[in-house]
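Working notes for the structure below.
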Amino acid sequence: MHLGFIIYAALAAVVFRALYIFVSSLFSPLRSIPGPLLARFTKAWYFHSIYKAHHQDNAIALHRKYAKPGEHFAPIVRLGPNMYSIKSPDKVVYGISSKMPKNAWYEGWKHPSPERWTLFTDRNIKRHAESRRVYASLYTQTALLSYESYADECADMFALRLRELAQKGELVDMGHWFQCYAFDVISAITYGKRFGFLDEGRDLGNTIRALDRAMAYSTLVGVYSFLHPYLYPILEKFPSTGAAGRAYLMRFASSALSSRRSERANREKNGEAKAVRKEGEPEDFVDKMLDMQESKPGVTDYHVFALTMSNIVAGADTTALSLASVLYHLIRTPRALRKLREEIARHVEEGKCTPNRVSFKASQEMPYLQACIKEGLRLHPGTGLPLWRVVNDGGAEICGQYFPADSKVGVNTWVAHYDEDVWGLDATRFRPERWIETTPERLKTMEAHHIPFGTGSRTCIGRHIGHLEMSKLLPQLVHAFHFALEKPNQKWKTSNMWFVKPVDFNVRISVRITTM
Ligand code: HEM
């Protein structure tokens, strides 16, 4: 009897909820926004699209499908009940003074406890602005100079590994090797030492795999974020799940920090300088943060921990896949690769760089290299889901449409980057010249729609570091090596679990110029 009542009550709640969704969809002021029928009533369409790991293609297809005569991309399409994909980074949503917080999807990317925020996931606008101010000085262009030698050390190790692989003549998974490079650089910059992936050529401690699982978990659970506090404590107990992967990285960060703190305390006791580095050695993030903690009130242990975690989670795979994208498109566009090699050779001849060392400053004076990087990040931006934000109280007009409070809106970088209304009919072509041979007005429009690092107050804090890594490594690689794709006539395969990673970037490498 009692059980029967509970079942009836549950059924009634489900029916009531379904009716509510149905009626709201009929009377919603946004009912005319087009999209898949299922997406009007349930998030299942969106979840399925993400689950299949190719959401970026579906999003582009939807914007194309619902375009009106005279336009290539529809400005707004529906992805779920109250979830809308917009085709450009409207200032009302993403402008630097926008107060629209990230939506609940980002909850899946953090520990469920409210105190365990990170910069990337924080939905509290005030706290985010405060912590971003704390961290900002560590990521400036000037701070970059102190990280450059970490990138050099890893680039040398990478080139050595590629020479060995070239000699063996085997197929090389460049996606994997770029990960080894990017994980080692970011761990060197953050903790002062490489993880050692480049040294060993493999994923030590299964860190990359653990992170992949954590990403898949976060990406999917975020769609139904109310489940996260219940699932996380159960799943973290199982080593093969994504939640366990996140726990593994948190333990790694905690242990690296506590050993650095005790090293510093011991040094202080012996009357030595606290920072572990010797005279002239670069300073890593951890030392910079610990120095800052001692001099600035309000910088907590949690600030230090959260920052080191963010660097690894947000800064390694993104840089690796961006490097992969630029190289992949260059290999497929021999004319562009030739032009880039000519630019590098000219700079070497003029003594602006050497074949195996391009300073960041020198790389900034190579316009074709910079255009190739921009174009690579346009055609294959790192993140492949909408950058969701929630409309504030009072509603807002976005892309010419009024959205009531609590609507979820987001621009997908891929949609913004493939929109023919902005980029022209050759939007899908790798053409670095588009960044050089253009008018100032056109360039302004392109820049406004080129958002591989996100945009506004939540723009990527590590973008200069990502740029540093790419600008230094790419010229060194294309100058020294030939690359031939395993399957030159097929497009590479990718997997989108927020980061859009290549899964079969296999090449054969041969030495082009002996530089060592
Ligand atoms: C080419 C490489 C990179 C790409 C394509 C990239 C992309 C992005 C994007 C699209 C966002 C915005 C996400 C959103 O709005 O939800 C973002 C944010 C962020 N990125 Fe990057 N990123 C790169 C490198 C890095 C590096 C090297 C670091 C750290 C050293 C880093 C740390 C962060 C952090 C902490 C945030 C959150 C910022 C905030 O919310 O205030 N990223 N990144």
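Small disclaimer: the values here were computed from a predicted structure and weren't measured. Each ligand, and each atom within it, is numbered from 1 in the order the structure gives. Just the heavy atoms: all of them, side chains too, but no hydrogens, waters or symmetry mates, feed the values below.
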**OP:** Output the list of atoms in ligand 1 that are nearer than 4.0 Å to some heavy atom of Gly454, sorted by atom number.
**Re:** 9 (C), 10 (C)
Subject >> Protein contact to atom 40 (O) of ligand 1 [nearest heavy atom, distance to 0.1 Å] >> reply: Arg458 NE, 3.0 Å
**OP:** Return the orientation label for the Phe305 and Tyr302 ring planes: parallel under 30°, perpendicular over 60°, tilted otherwise.
**Re:** tilted
**OP:** Could you check atom 1 (C) of ligand 1 against the protein and tell me its nearest heavy-atom contact, residue, atom and distance included?
**Re:** Ser322 OG, 3.3 Å
Original post:
Under the 6.0 Å and 45° cation-pi test, does Arg378 pair with Trp423?
Top reply: yes
**OP:** Pick one of side chain, backbone, both or neither for how Leu119 approaches ligand 1, counting any non-hydrogen atom pair under 4.0 Å.
**Re:** both
Subject >> Closest protein heavy atom (residue, atom, distance) for atom 24 (C) of ligand 1 >> reply: Thr318 OG1, 3.5 Å
Original post:
atom 5 (C) of ligand 1: which protein heavy atom is closest, and how many Å away?
Top reply: Pro452 O, 3.5 Å
Original post:
Does the Asp426 side chain pair with the main chain of Arg429, one donor and one acceptor, at a distance under 3.5 Å?
Top reply: no
Original post:
Just checking, is any N or O donor in the side chain of Asn311 or Tyr139 under 3.5 Å from an acceptor N or O on the other one?
Top reply: yes
**OP:** Before accepting this row, confirm whether a basic side-chain N of the pair Asp419/Lys87 lies closer than 4.0 Å to the acidic partner's carboxylate O.
**Re:** yes
Subject >> Heteroatom proximity flag, Lys102 to ligand 1, N/O under 3.5 Å >> reply: yes
Original post:
Tell me, which protein residue and heavy-atom name are nearest atom 16 (O) of ligand 1, and how many Å apart are they?
Top reply: Tyr106 OH, 2.6 Å
Subject >> Donor-acceptor contact below 3.5 Å, side chain Ser146 vs main chain Pro282 >> reply: no
**OP:** Have a look at ligand 1 and work out which part of Arg389, if any, has a heavy atom under 4.0 Å from it: side chain, backbone, both or neither.
**Re:** side chain
**OP:** Would you mind telling me which of Arg194, Lys472, Arg357 makes a salt bridge (charged side-chain N to carboxylate O under 4.0 Å, His left out) with Glu153?
**Re:** Arg194
Subject >> Protein heavy atom at shortest distance from atom 13 (C) of ligand 1 >> reply: Phe120 CE1, 3.9 Å
**OP:** Pull out every atom of ligand 1 sitting under 4.0 Å from any heavy atom of Leu387, numbered as shown with elements.
**Re:** 14 (C), 15 (O), 16 (O)
Subject >> Proximal candidate to atom 18 (C) of ligand 1 [heavy atom criterion; set Cys460, Gly376, Ala314] >> reply: Cys460
**OP:** Identify which of Gly456, Gly315, Ala129, Ala306 has a heavy atom lying nearest to atom 28 (C) of ligand 1.
**Re:** Gly315
Original post:
What distance do Gln370 atom CD and Leu340 atom CG have between them, rounded to the nearest 0.5 Å?
Top reply: 10.0 Å
Original post:
Does ligand 1 have a heavy atom under 4.0 Å from the side chain of Ile186, from its backbone, from both, or from neither?
Top reply: side chain
**OP:** Look at atom OH of Tyr51 and say whether more than 12 heavy atoms of other residues, nucleotides or ligands are closer to it than 6.0 Å.
**Re:** no
Original post:
Glu130 pairs by salt bridge (charged side-chain N to carboxylate O under 4.0 Å, His left out) with which of Arg133, Lys126, Arg127?
Top reply: Lys126
Subject >> Residue selection (non-hydrogen contact nearest atom 34 (C) of ligand 1) among Leu468, Ile461, Ile451 >> reply: Ile461
Subject >> Protein heavy atom at shortest distance from atom 6 (C) of ligand 1 >> reply: Phe453 CD2, 3.7 Å
Original post:
At a non-hydrogen distance cut-off of under 4.0 Å, which region of Thr383 contacts ligand 1 (side chain, backbone, both, or neither)?
Top reply: side chain
**OP:** If the plane angle is over 60° it's perpendicular, under 30° parallel, otherwise tilted; pick one for Tyr232 and Tyr217.
**Re:** tilted
Original post:
With a 4.0 Å heavy-atom cut-off (strictly under), which part of His128 contacts ligand 1: side chain, backbone, both or neither?
Top reply: side chain
Subject >> Whether Tyr139 lies under 4.0 Å from ligand 1, heavy atom >> reply: yes
Original post:
What protein heavy atom sits nearest atom 38 (C) of ligand 1, and how far away is it?
Top reply: Arg132 NH1, 3.5 Å
Original post:
Is the Phe197 ring parallel, tilted or perpendicular to the Phe183 ring (thresholds 30°, 60°)?
Top reply: tilted
